[in-house]
Amino acid sequence: MSLPLEEQTLEQKVIMAAGELHSWLLNDALPVWAEAGRDAETGEFVETVTLEAPRATTAPRRARVQPRQIYVYLESSALGWDGPGHEIARKALDFYLGEYLTADETSISSRDPETGQKNEAFDLYNQAFALFAYGCVARRQPEQGGTFLNKARSLLQHLRATYSHSDGGFQEASPAKAPLRSNPHMHLFEAALELEQSDTSTVWCELADEIADLALTCFIDPLTGGLREFFDLNWSPMPGTSGRIMEPGHQFEWAWLLARWGLLRKRADALMAARRLYQIGEQFGVDPDRQVAIMALNDDMSVHDPIARLWGQTEWIKAAIILARISVGPEQDAYLNDILRSVAALRMYLDGVSAGLWRDKMRPDGSFVEEPAPASSFYHILCAISELHAFAEDLRAS
């Protein structure tokens with residue numbers, strides 16, 4: 001028999017919250033998106049699903065959604081789903097390789113499902129998710145590992161040959177044009193950390209180290225410790241408003257990544273930077289009334305955009321978890337409490353709609369924009385639930 005909520009420890013409350021989200025994932029989200037969130041004939045994932053009587057929309061399908069959903073279904077079996085996760089992922093991967101890559105093996109930007117017309121514009125962000133998917137396939141389907149590690153190395157070689165920046169990182173066009181963005185580099189960092197788990201080559205460790213160094217020396221403001229979004233061609237903040245923008249969700253996401261990297265490389269400076277990024281996200285980026293992470297701050301920590309997107313809540317969860325793992329005593333208790341707060345924030349987006357779906361944008365007054373559920377959110381949700389599930393298992397064992 002479980003204790004009344006008021007008598008439970010923080011650890012017990014975290015375990016309970018993890019169990020509830022894990023159950024929602026297995027029983028609601030994965031089955032709904034396996035049915036309504038993809039084309040059963042081709043395997044292609046859809047862009048959005050209607051909130052009532054879930055069905056796919058005909059919205060153009062962004063290339064980033066395909067590898068993100070492949071990741072979701074590759075991870076589903078490891079999290080205990082008894083559905084055909086690997087079969088769904090394999091079919092989608094075949095379609096992605098056939099329809100979403102250009103002649104030079106880079107990812108296109110989007111595809112119209114009704115006409116088949118493709119937007120082949122280059123976006124560094126989409127290349128990051130191609131690499132991420134290849135790494136996930138290599139780890140979860142090792143029988144295909146060699147093939148996809150080769151694909152990943154080939155894509156990285158192309159990116160370095162065509163878009164490499166002399167001061168580290170990558171340009172976003174050839175010839176180069178501003179702004180440069182930290183966001184695609186964040187996902188390249190994530191992909192590199194994924195790929196270094198499966199590839200004995202040093203190229204992914206080198207890429208991760210390069211991007212971590214870029215974050216610590218250029219992306220993060222040395223005065224405030226906050227991470228900026230937009231830069232000129234010399235990796236200086238863009239002039240004007242865009243150069244001042246700091247997104248709370250990205251403070252959390254970079255905190256999670258830098259803490260992971262810092263633990264792997266034994267880099268105390270990265271762990272210190274992660275704690276400061278988290279502090280900025282929590283102190284200034286969580287609306288005190290709605291208790292959700294908002295979209296954007298200015299570099300003086302004033303609110304730039306009060307809309308609160310779902311993905312920001314999942315990154316809050318992940319950052320709070322990894323910092324709880326490396327903390328003790330009252331500091332750890334504070335992070336445990338923040339895990340509960342961030343889970344409560346996420347639950348607001350999942351409740352009140354068809355089981356397994358979500359809303360994406362909360363207005364400043366606490367109401368939600370009524371629109372179809374975006375498939376792109378599932379990657380964020382599943383990663384947060386995966387991190388929370390693993391943490392809860394460790395708490396049970398301790």
Side-chain angles (χ1 to χ4, degrees), residues 5 13 17 20-21 23-25 27-29 32-33 36-37 46-60 62 64-65 68 72 183 229 241-242 244-253 278 280-298 300-320 337-385 388:
L5 191 61
K13 290 176 182 178
E20 290 171 352
L21 281 179
S23 176
W24 171 88
L25 174 71
N27 299 323
D28 297 329
V32 164
W33 286 89
V46 307
E47 183 70 20
T48 54
V49 167
T50 58
L51 293 181
E52 299 300 329
R55 64 183 185 279
T57 71
T58 58
R62 292 177 297 165
R64 68 192 61 181
V65 168
R68 286 161 84 134
V72 163
N183 191 9
E229 297 291 326
T241 300
S242 67
R244 300 183 59 205
I245 292 173
M246 296 177 172
E247 296 188 8
H250 286 160
Q251 310 304 301
F252 292 133
E253 199 164 359
Y278 183 91
I280 289 171
E282 191 279 327
Q283 182 177 353
F284 301 104
V286 175
D287 182 274
D289 297 320
R290 291 174 291 165
Q291 285 296 299
V292 290
I294 64 170
M295 190 62 200
L297 301 168
N298 298 307
D300 63 0
M301 308 305 165
S302 62
V303 173
H304 177 79
D305 183 352
I307 289 289
R309 301 264 323 262
L310 177 151
W311 68 265
Q313 322 316 314
T314 66
E315 302 311 320
W316 185 12
I317 293 170
K318 289 156 57 180
N337 189 62
D338 282 357
I339 293 171
L340 297 174
R341 292 171 61 209
S342 53
V343 167
L346 175 61
R347 289 306 302 251
M348 286 190 269
Y349 293 77
L350 310 183
D351 295 339
V353 295
S354 297
L357 299 182
W358 45 80
R359 293 189 175 94
D360 180 49
K361 301 181 188 74
M362 182 190 288
R363 299 185 182 93
D365 65 3
S367 65
F368 285 96
V369 175
E370 292 298 325
E371 59 186 349
S376 58
S377 300
F378 207 170
Y379 143 85
H380 291 283
I381 294 169
L382 184 130
C383 189
I385 292 176
L388 185 58

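Under 4.0 Å is where a charged nitrogen must lie from a carboxylate oxygen, and between Arg244 and Asp300 at least one such pair does.
Distance alone, capped at 3.5 Å, is enough to place a donor-acceptor pair between the Thr50 side chain and the Arg55 backbone. Side-chain atoms of Asp287 come within 3.5 Å of backbone N or O of Arg290 as a donor-acceptor pair. With hydrogens and angles disregarded, no donor-acceptor distance shorter than 3.5 Å links the side chain of Ser376 to the backbone of Val65. For Ser342 (side chain) and Asp338 (main-chain N/O), a donor-acceptor pair under 3.5 Å exists by modelled atom type. Here the side chain of Arg363 pairs a donor or acceptor atom with the backbone of Phe368 at under 3.5 angstrom. Judged by distance alone, the side chain of Ser23 and the main-chain N or O of Glu20 form no donor-acceptor pair under 3.5 Å. Remark: the backbone N or O of Met246 is not paired with any side-chain donor or acceptor of Gln251 at under 3.5 angstrom.
Residue pairs meeting the salt bridge (Lys or Arg N to Asp or Glu O under 4.0 Å) criterion with at least one member in residues 376-385, sequence neighbours excluded, do not occur. The list of salt bridge (Lys or Arg N to Asp or Glu O under 4.0 Å) pairs with a residue in residues 371-381, not counting sequence neighbours, reads Lys361-Glu371.
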Ile294 and Asp305: CA distance, side-chain angles, deciding distance, side-chain contact (heavy atoms from CB on, under 4.5 Å) verdict: CA-CA 7 Å; Ile294 64 170; Asp305 183 352; over 6 Å; no
Worked check of side-chain hydrogen bond (donor to acceptor under 3.5 Å, both in side chains) between Trp311 and Tyr379: CA-CA 9 Å; Trp311 68 265; Tyr379 143 85; over 6 Å; no
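Glu370 CD: more than 12 foreign heavy atoms inside a 6.0 Å radius.
Side-chain polar atoms of Glu229 and His250 form a donor-acceptor pair below 3.5 angstrom.
The aromatic rings of Trp24 and Trp358 sit tilted, their planes meeting at an angle between 30° and 60°. Aromatic ring pairs are classed by plane angle as parallel below 30°, tilted from 30° to 60° and perpendicular above 60°; the pair Phe378 and Trp33 is tilted.
In this structure the side chain of Pro248 never reaches within 4.5 angstrom of the side chain of Val286, judged on heavy atoms. The shortest distance between side-chain heavy atoms of Ser377 and Asp360 falls below 4.5 Å.
For Thr57, the side-chain hydrogen bond (donor to acceptor under 3.5 Å, both in side chains) partners two or more places apart in sequence, or in a different chain, are Thr48.
Across Glu315 and Lys318, no two heavy atoms sit closer than the pair OE1-NZ, 2.8 Å. The two atoms that bring Gln291 and Ala345 nearest to each other are O-CB, 3.5 Å, heavy atoms only.
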